[in-house]
Amino acid sequence: PLLELVREAALVHRAYWETADVQQCTLLSIKTGGCTENCGYCSQSQRYKTHVKPTRQMAVDDVVAAIATEAADVRFFDLHVALL
């Protein structure tokens, strides 16, 4: 049953999307390290000693400007978007 489900999903996908198209995504780190949440699973937490230099959170205007410089079909992802 699983392979039939995968096959059906592929058929539906091909009906609506060009098979040769590749979607480009980019990550924008609006804040790196030094997180005060101290989640045990996240390496961004300040409780972990890493070799990554923490950076302050980017201003909203700087984030918008960085996104505006990319092509319209590029998706942006950031785990810290909720901090805005």
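Each residue takes its place number in the sequence, starting with 1.
- Hydrophobic clustering places Val12 together with Trp17 (ILVMFWY residues linked when any side-chain heavy atoms are closer than 4.5 Å, directly or through intermediates).
- Rounded to the nearest 0.5 angstrom, His13 NE2 and Glu18 CD are separated by 10.5 Å.
- Closest non-hydrogen pair, Lys31 versus Gln57, comes out as CB-CA, 3.9 Å.
- Under the 3.5 Å distance criterion, the side-chain polar atoms of Thr32 are left unmatched by any main-chain donor or acceptor of Thr55.
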